[in-house]
Amino acid sequence: MSDLGQRPYRAGFACFVGRPNAGKSTLTNAIVGQKIAITSNKPQTTRHIIRAVLHRPDSQLVLVDTPGLHRPRTLLGERLNDLVRQTWSEVDVIGLCIPADEPIGRGDRFITGELAELKATVLAVVTKTDLVDRKRLAEQLLAVSELGEFAEVVPVSAVSGHQVDTLVEVMTGYLPESPQLYPDDMLTDDPEQVLVAELIREAALEGVRDELPHSIAVVVEEMIPEGQLTKIYADVYVERPSQKAIVIGHRGSRLKAVGTTARRQIEELLGTRIYLDLHVRVAKDWQRDPKQLRKLGF
Ligand SMILES: Nc1nc2c(ncn2[C@@H]2O[C@H](COP(=O)(O)OP(=O)(O)OP(=O)(O)O)[C@@H](O)[C@H]2O)c(=O)[nH]1
Ligand SMILES: [Mg+2]
């Protein structure tokens, strides 16, 4: 006999926190089963708060993907950290993500300390379990449980899918009883322009290194539906002319590749054919300039 009928409907907000690159956005996508948040192997990929909704018969779990918490070196960094802390006060459940394959560091201790002050239920999530053997995983689980007071410690792999369902069960269990928060089938409430800009940025991050990933920002200026086709005009911002040359590449080859990759992703997201027009512009030192930051949406 199923007890589905007796289970109260639960709905609420949860977020993953942790240092950059811990696997927060990848896990968010794995849970909702669709790519909403962009990911990369560069630290500090996430810059915008993205909400992704998992609908189930007896619950609605709204995942708020946030940037990695880090020691800020620019005004942008400070703004991003503020966004993270603001989110903490608005969610019911927080999953502190710690990669299975990396030692626990000062950053993790610092974040754990801050989380202890909050009202939300705090879980520890040991991510990327596919990268370690059982022995290493057991050691990490023990180390994490000694790091602080967590309601639960859950190992998970967003790549293999191992334990993703379990994590959802655990998180949902800590949500309050509540009516549905979002309409059926609504996957995110973020504007399409933001999601599209993020997909372009993800493509632009591929293969660039050093400071350049941090210097790239993308703004979608226009999206014009024309029958089966949507025309998208977007600006890719960098901080210096030398970076502009790198992003464009020899005779525009790099920018073309970025456009192709981004276009495929956007077509998948929007389900229409896309014409994508990318323009690279220099916004000098925008990461440190309040005016430019505002223009770029921060
Ligand atoms: N093997 C493996 N790699 C993973 C897993 N989850 C994430 N990754 C990789 O880890 C890197 C960082 O993933 P993200 O999801 O972008 O990390 P994040 O915590 O959102 O990073 P920021 O947005 O920069 O704070 C990417 O290269 C992912 O492919 C996992 O379960 N297994
Ligand atoms: Mg991220």
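Everything numeric in this text was worked out from a predicted model, so none of it was measured. Values reported hereafter were calculated over all heavy atoms of this structure, with side chains retained and with hydrogens, waters and symmetry mates removed. Position 1 is the first residue of the sequence, and the numbers go up from there. Every number for a ligand or one of its atoms is a count from 1 in the order of the listing.
Nearest protein heavy-atom contact of atom 10 (O) of ligand 1 is Lys128 NZ, 2.9 Å. Here the heavy atom of the protein found nearest to atom 31 (O) of ligand 1 is Ala158 N, 2.9 Å. Of all protein heavy atoms, the one closest to atom 17 (O) of ligand 1 is Gly23 N, 3.2 Å. Looking only at protein heavy atoms, the nearest one to atom 21 (O) of ligand 1 is Asn21 N, 3.0 Å.
Annotation for ligand 1: atoms under 4.0 Å from non-hydrogen atoms of Ser40 are 11 (C), 12 (C), 13 (O), 16 (O), 26 (C), 27 (O). Under a 4.0 Å criterion applied to the non-hydrogen atoms of Gln44, ligand 1 contributes the atoms 24 (O). Listed by atom number, the atoms of ligand 1 under 4.0 Å from Leu131 heavy atoms are 1 (N). Here is the list of ligand 1 atoms found below 4.0 Å of a heavy atom in Ser157: 31 (O). Below 4.0 Å from some heavy atom of Asn41 lie the following atoms of ligand 1, by number and element: 27 (O).
No more than 12 heavy atoms of other residues, nucleotides or ligands lie within 6.0 Å of CD in Glu268, so this atom counts as exposed by the packing criterion. Atom CD of Glu206 sits in a sparse spot, with 12 or fewer heavy atoms from other residues, nucleotides or ligands closer than 6.0 Å. Enclosure of atom CZ in Arg264 is not indicated, since only 12 or fewer non-hydrogen atoms of other residues, nucleotides or ligands lie within 6.0 angstrom.
Between Lys128 and Asp101, none of the side-chain N atoms (NZ, or NE/NH1/NH2) sits under 4.0 Å from a carboxylate O, so this pair counts as no salt bridge. Under a 4.0 Å N-O distance rule, the pair Glu239/Arg288 does not qualify as a salt bridge. Residues Lys24 and Asp65 are not paired through a salt bridge, judged by the lack of any N-O separation under 4.0 Å between the basic side chain and the carboxylate. By the 4.0 Å N-to-carboxylate-O rule, Arg240 lies too far from Glu211 to be salt-bridged with it. With salt bridges taken as basic N to acidic carboxylate O contacts below 4.0 Å, one links Glu139 and Lys135. Between Glu198 and Arg201 there is a salt bridge, since a side-chain N of the basic residue sits under 4.0 Å from a carboxylate O of the acidic one.
Checked by distance only, ligand 1 and Asp130 come closer than 3.5 Å through their nitrogen or oxygen atoms. At least one N/O-N/O distance between Val159 and ligand 1 falls below 3.5 Å. Checked by distance only, ligand 1 and Thr46 come closer than 3.5 Å through their nitrogen or oxygen atoms. Of the polar atoms of Gly68, at least one N or O is found under 3.5 Å from an N or O of ligand 1, judged by distance alone. On a distance-only criterion, Thr129 and ligand 1 share no N/O pair closer than 3.5 Å. Where the criterion is an N or O separation shorter than 3.5 Å, residue side chain and backbone included, Ala22 meets it with respect to ligand 1.
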task: Would you sort out whether Tyr233 and Val220 count as a side chain to side chain contact (heavy atoms under 4.5 Å, CB included), showing the intermediate values?
output: CA-CA 6 Å; Tyr233 297 86; Val220 169; over 6 Å; no
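In this comparison of Arg19, Lys24, His162, the heavy atom closest to atom 19 (O) of ligand 1 sits on Lys24. By heavy-atom distance, the residue among Thr26, Leu69, Val17 lying nearest atom 6 (N) of ligand 1 is Thr26.
When side chains are defined from C-beta on, Asp92 counts as touching Pro176, because their heavy atoms get closer than 4.5 Å. Contact check for Tyr182 versus Gln60: side-chain heavy atoms found under the 4.5 Å cut-off.
For Thr46, the nearest N, O or S atom to the Mg ion (ligand 2) falls under 2.8 Å. At a cut-off of 2.8 Å, Ser25 is counted among the residues with an N, O or S atom near the Mg ion (ligand 2).
Counting heavy atoms under 4.0 Å from ligand 1, residue Pro43 touches it through the backbone alone.
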